[in-house]
Amino acid sequence: MHGWPRYRPVRVRPSSEGWRSRVEPRSASPSLRDGRGMSEGVSTMASPVEEHVDLQSLPKDERLNRMRHSAAHVLAEAMVELMPEAELGIGPPIDTGFYYDFRLPRPLTQEDLGWLEERMRRSIAGKHPFVMSALTKADAEQRWAKQPFKLDLLKDLDEGNVTQCTHAAFTDLCRGGHVNNTGEIPAFKLMSIAGAYWRGSEKNPQLQRVYGALFETPEELAGYEQALEDAKRRDHRRIGRELDLFALYDEVGPGHVIWLPDGATVRRELQRWIEDLEVERGYQHVITPVVAKRELYVRSGHWEHYKDAMYPVMEREGEEYCLRPMNCPSHIMIFADGLHSYREMPIRIAELGNMHRWEKSGQVSGMSRVRIMTLNDAHIFCADIAQVEAEVEGVLRLMEEVYGVLGLRKYSYQLSLGDPGDKEKYVDNPPMWEAGESLLRRVLQRVGLEFEEAKGEAAFYGPKIDVQFETAAGKDETLVTVQVDFHLPNQFQLEFVGEDGERHQPIIVHRGVISTMERMVALLIEEYEGHFPLWLAPAQAVVIPIADRHVAYANAVAAELRAANLRVRVDDRNERMNGKIRDAQLKKVPYMLVVGDREAEAHAAAVRVRGGGDLGAMPVTDIVARLRGERDSKALVPGVFRER
RNA sequence: GCCCGGGUGGCGCAACUGGCAGCGCAUCCGAUUUGUAAUCGGACGGUUAGGGGUUCGAGUCCCCUCUCGGGCUCCA
């Protein structure tokens with residue numbers, strides 16, 4: 001275990017709501033990150049520090065962190081009893097509880113978890129005080145001689161800054177931040193076992209991580225477990241199957257999404273909409289091939305920086321071809337073909353095309369992480385920095401409009417910066433990075449968007465603005481990015497003729513708005529829990545004839561709606577009306593139009609809104625008007641039409 | 001890619017220590033003709049992910065592969 005890279009703290013973004021499993025960011029709270037410990041009674045060499053703490057006077061965050069961190073110690077205490085050979089990693093609080101990493105002689109089982117939890121409860125019942133003490137680095141090294149991970153942590157600690165924490169018979173190298181005694185550890189539950197690399201690097205050994213949930217009251221803990229259940233209900237993989245939106249087949253391959261008719265309808269509506277918005281804003285849509293010569297990607301730099309994430313090269317007749325992982329090079333070819341004047345700029349080239357990326361097997365998931373995806377992409381060729389700023393601003397405003405219409409709530413902006421120290425990952429050109437980064441920061445501020453900055457998260461060729469969102473499961477994913485690119489224009493020696501008659505190099509803005517169709521639809525499924533607003537709903541209404549003799553009239557009603565381009569189905573199965581309503585509800589169809597003798601007589605239908613609510617009989621022409629209004633305004637809530 | 005846990009009709013699940021692969025829903029057929037969340041009856045449907053091994057006998061035990069899930073890592 002030599003040559004471990006420096007530990008890089010897990011990057012954290014404040015979560016809008018909900019829970020996420022992550023290391024707590026607050027530096028005010030003592031994290032275990034560089035303290036830790038072991039299990040052999042209190043050292044006589046150590047001198048006590050830290051006094052009694054009044055938990056109730058602390059802010060809730062701080063209080064919880066102490067409880068969670070303390071629970072992690074108790075977990076380690078139990079583990080050392082279960083397996084004395086256990087090597088201890090770290091055990092920090094996270095915002096749903098805590099975890100502790102161990103290297104163990106055998107894999108943990110579910111039964112172990114039960115045993116550990118019982119053992120923890122016994123320790124808690126014992127009300128053992130947590131006692132902090134200081135010791136010298138030399139003493140610590142001696143004491144943790146058999147704990148390689150503790151020694152590794154110790155390397156980063158300065159003399160005079162080494163402390164440990166003891167409760168009962170257990171001692172852990174630790175920076176501090178505990179409750180007074182184990183009795184102050186409230187409601188908790190051991191949740192799961194996972195693998196985790198030491199210090200978060202896959203070059204290091206992999207440890208076994210035990211996750212625990214911990215809240216101040218049993219009610220809050222139960223609430224958390226309930227929220228996990230609810231999240232499962234909203235999972236796009238589940239709803240996608242239930243509503244026949246998309247499918248994934250082993251035979252077709254992981255991450256290769258099959259869009260079923262109803263999912264394809266949602267996608268088509270989104271696609272038409274975004275393309276129209278782009279056309280209104282001066283984008284020109286193109287169509288370029290999904291395969292290009294390898295040489296093209298060598299020149300763009302993708303081959304060097306990205307080939308591991310590309311499908312294997314195809315070779316025929318001595319030529320090498322690649323499935324494109326992105327389409328910037330193709331769009332650049334379009335720009336490079338012919339000489340452009342500054343008068344034409346900016347030139348906005350857009351495409352909804354398939355990209356192919358060899359995502360590693362362990363990270364393909366549903367429709368949100370796939371290998372073949374349709375990207376809402378565009379490249380804006382700008383003449384100068386002022387133009388770049390204006391274009392980035394335009395993109396941000398378009399995003400705000402689009403996400404507003406879709407009703408997205410859990411998204412946030414992030415300014416992703418490069419890392420001058422990392423020459424492998426990033427193109428080496430400090431002034432270029434500096435220019436791009438300050439520009440993006442400026443525009444974000446001007447548009448008035450809140451954002452976070454994240455070092456080391458940029459694209460290989462430049463800084464970017466990422467739009468992050470939170471999945472139902474509470475995980476963070478990137479929706480789209482906006483990038484300022486000085487690199488590719490240089491690689492391809494792009495130029496245009498300026499006002500001065502001289503040749504100049506353009507700057508490219510890469511941008512997405514709707515993300516990939518796969519990821520966006522996955523997000524929308526979860527956001528709406530499958531209840532798409534009318535304009536996106538695969539079936540916008542179901543006509544339900546009460547008895548066989550009403551089927552003809554039901555078809556007539558449906559035809560009237562279809563004449564207004566509404567998507568209508570007629571449920572003419574030999575079922576009872578109640579059964580048909582139930583099925584329509586389960587399929588989350590926005591409107592149910594029940595027709596029987598009375599309605600046929602009055603050229604009407606009894607309207608039922610998805611989710612319950614019988615609106616009574618309405619004339620068919622009124623129904624058509626209502627649904628059109630709701631569709632055309634892209635209303636998020638039935639009957640509440642949005643001003644456009 | 002790595003760690004752990006799974007894979008049984010279309011979907012959701014069952015089958016004690018190895019001993020005849022079952023149930024619900026869906027589908028299909030028939031009966032019923034219905035007023036706001038499940039009408040009744042019947043039938044069809046599985047080489048237990050794939051391959052190999054142990055055994056008189058494998059859904060069950062062992063090995064390999066594929067694949068899914070939870071994490072970790074990665075993510076233009």
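In this text the structure is predicted, and so the values were computed from the model without any measurement. Proteins get letters first, then strands, A, B, ... in listed order; numbering begins at 1 in each.
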**Message:** Using 30° and 60° as the class boundaries, would you call the ring planes of A/H603 and A/Y553 parallel, tilted or perpendicular?
**Reply:** perpendicular
**Item:** Euclidean distance for P, B/C20 against B/U73 (whole angstrom)
**Value:** 47 Å
**Request:** If B/C23 has a Watson-Crick or G-U wobble mate with both distances under 3.5 Å, name it; if not, just say none.
**Result:** B/G12
**Message:** At less than 3.5 Å, do the side-chain atoms of A/R608 and the base atoms of B/A37 form a donor-acceptor pair?
**Reply:** yes
**Message:** Let's see if you can work this out: which of B/A38, B/C4, B/C72 has an atom nearest to the side-chain heavy atoms of A/Q363?
**Reply:** B/C72
**Request:** Indicate, with a heavy-atom threshold strictly under 4.0 Å, whether A/G362 touches base, sugar-phosphate, or nothing.
**Result:** base
**Message:** Less than 4.0 angstrom between a side-chain N/O of A/Y249 and OP1 or OP2 of B/C68, yes or no?
**Reply:** no
**Request:** Using the six-membered ring wherever Trp is involved, compare the ring planes of A/F102 and A/Y100 and label them parallel, tilted or perpendicular (cut-offs 30° and 60°).
**Result:** parallel
**Asked** Is it true that A/Y311 and A/W358 have ring centroids separated by less than 6.0 Å?
**Response** yes
**Complete:** Considering only heavy side-chain atoms of A/R237, the closest of B/U36, B/G1, B/G69 is B/G69
**Message:** From C-beta outward on A/R576, which listed nucleotide comes closest to its side chain: B/U34, B/U27, B/G69?
**Reply:** B/U34
**Prompt:** Counting any heavy atom closer than 4.0 Å, what does A/R598 reach on the DNA or RNA strands: base, sugar-phosphate only, or nothing?
**Reply:** base
**Request:** For A/E599, answer base if it contacts any base atom (sugar-phosphate contacts may also be present), sugar-phosphate if it contacts only those atoms, and nothing otherwise; contact means non-hydrogen atoms under 4.0 Å.
**Result:** base
**Prompt:** With a 4.0 Å cut-off on heavy atoms, is A/K580 in touch with a base, just the backbone sugar-phosphate, or nothing at all?
**Reply:** nothing
**Prompt:** To the nearest Å, how far apart are A/Y553 OH and B/G35 C1'?
**Reply:** 15 Å
**Item:** Spacing of A/I508 atom CD1 and A/H510 atom NE2 [to the nearest 0.5 Å]
**Value:** 5.0 Å
**Message:** Testing the basics here: between A/P463 and A/G436, what is the closest heavy-atom pair and its distance to 0.1 Å?
**Reply:** CG-C, 3.7 Å
**Request:** Would you indicate what A/A196 reaches in the nucleic acid, counting non-hydrogen atoms under 4.0 angstrom: base, sugar-phosphate, or nothing?
**Result:** sugar-phosphate
**Request:** Report yes or no: is the cationic atom of A/R68 (NZ for Lys, CZ for Arg) closer than 6.0 Å to the six-membered ring centre of A/F98, at no more than 45° off its axis?
**Result:** no
**Request:** Could you give the distance separating B/A58 and B/A21 at their C1' atoms, to the nearest angstrom?
**Result:** 12 Å
**Message:** Can you check the distance between B/C11 and B/G46, where both ends of the measurement are the P atom (answer in whole Å)?
**Reply:** 14 Å
**Request:** Please work out if A/E477 contacts a base, only the sugar-phosphate, or nothing of the nucleic acid, heavy-atom cut-off 4.0 Å.
**Result:** nothing
**Fill in**
Ranking A/E202 and A/G596 by the position along RNA chain B of their nearest nucleotide, the one closer to 5' is A/G596
**Asked** Between B/A26 atom C1' and A/R573 atom CZ, what is the distance in whole Å?
**Response** 10 Å
**Asked** Looking for any heavy atom pair under 4.0 Å, which part of the strands does A/V480 touch: base, sugar-phosphate only, or nothing?
**Response** nothing
**Message:** Is the phosphate of B/G71 approached by A/K475 (side-chain N or O, under 4.0 Å from OP1 or OP2)?
**Reply:** yes
**Request:** From the options B/U36, B/C3, B/U67, select the nucleotide whose nearest atom is closest to the side chain of A/Q206.
**Result:** B/C3
**Request:** Identify whether any heavy atom of A/D250 sits under 4.0 Å from a base atom; if not, whether one sits that close to sugar-phosphate; answer base, sugar-phosphate or nothing.
**Result:** sugar-phosphate
**Prompt:** If the C1' atom of B/G7 is compared with that of B/C13, how far apart are they to the nearest Å?
**Reply:** 13 Å
**Sugar-phosphate, base or nothing in reach of A/R357, heavy atoms under 4.0 Å** = base
**Request:** Take atom C1' in B/C25 and the same atom in B/U39, then report the distance between them in whole Å.
**Result:** 16 Å
**Request:** Pick the C1' atom in B/C3 and in B/C74, then give their distance to the nearest Å.
**Result:** 16 Å
**Distance, rounded to the nearest Å, where A/R103 contributes CZ and B/C72 contributes C1'** = 16 Å
**Prompt:** Base, sugar-phosphate, or nothing: which does A/A309 touch, judged by heavy atoms less than 4.0 Å apart?
**Reply:** base
**Message:** Is it the case that the side chains of A/T288 and A/E351 hold a donor-acceptor pair, with the cut-off being a distance below 3.5 Å and no angle test?
**Reply:** yes
**Prompt:** Rounding to a whole Å, what distance do you find between A/R199:CZ and B/C72:P?
**Reply:** 18 Å
**Prompt:** Could you give the CZ-to-P distance, from A/R369 to B/G69, as a whole number of Å?
**Reply:** 13 Å
**Asked** How would you label the contact of A/N578 with the nucleic acid (heavy atoms, under 4.0 Å): base, sugar-phosphate, or nothing?
**Response** sugar-phosphate
**Prompt:** For A/Q468 and A/E452, what are the C-alpha separation, side-chain angles and deciding distance, and is it a side-chain contact (heavy atoms from CB on, under 4.5 Å)?
**Reply:** CA-CA 11 Å; A/Q468 301 294 122; A/E452 294 235 330; over 6 Å; no
**Prompt:** To the nearest Å, how far apart are A/Y211 OH and B/C3 P?
**Reply:** 17 Å
**Complete:** Of the candidates B/A37, B/U36, B/U33, the side chain of A/Q585 sits closest to B/A37
**Asked** Expressed in angstrom and rounded to an integer, what is the separation of A/E251 atom CD from B/G10 atom C1'?
**Response** 13 Å
**Item:** P spacing across the pair B/G70 / B/U65, given as an integer number of angstrom
**Value:** 23 Å
**Message:** Between B/G22 and B/U60, how far apart are the two C1' atoms, rounded to whole Å?
**Reply:** 16 Å
**Request:** Among B/U39, B/C74, B/U34, find the nucleotide with the atom closest to the side chain of A/E575.
**Result:** B/U39
**Fill in**
A/D583 CG to B/C11 P, in whole Å, measures 19 Å
**Item:** Candidate nucleotides B/U33, B/G35, B/G1, ranked by approach to the side chain of A/D597 - the nearest
**Value:** B/G35
**Message:** Can you identify which nucleotide, out of B/U73, B/C4, B/G35, has its nearest atom closest to the A/M577 side chain?
**Reply:** B/G35
**Item:** N or O in side chain of A/R241 less than 4.0 angstrom from B/G10 OP1/OP2
**Value:** no
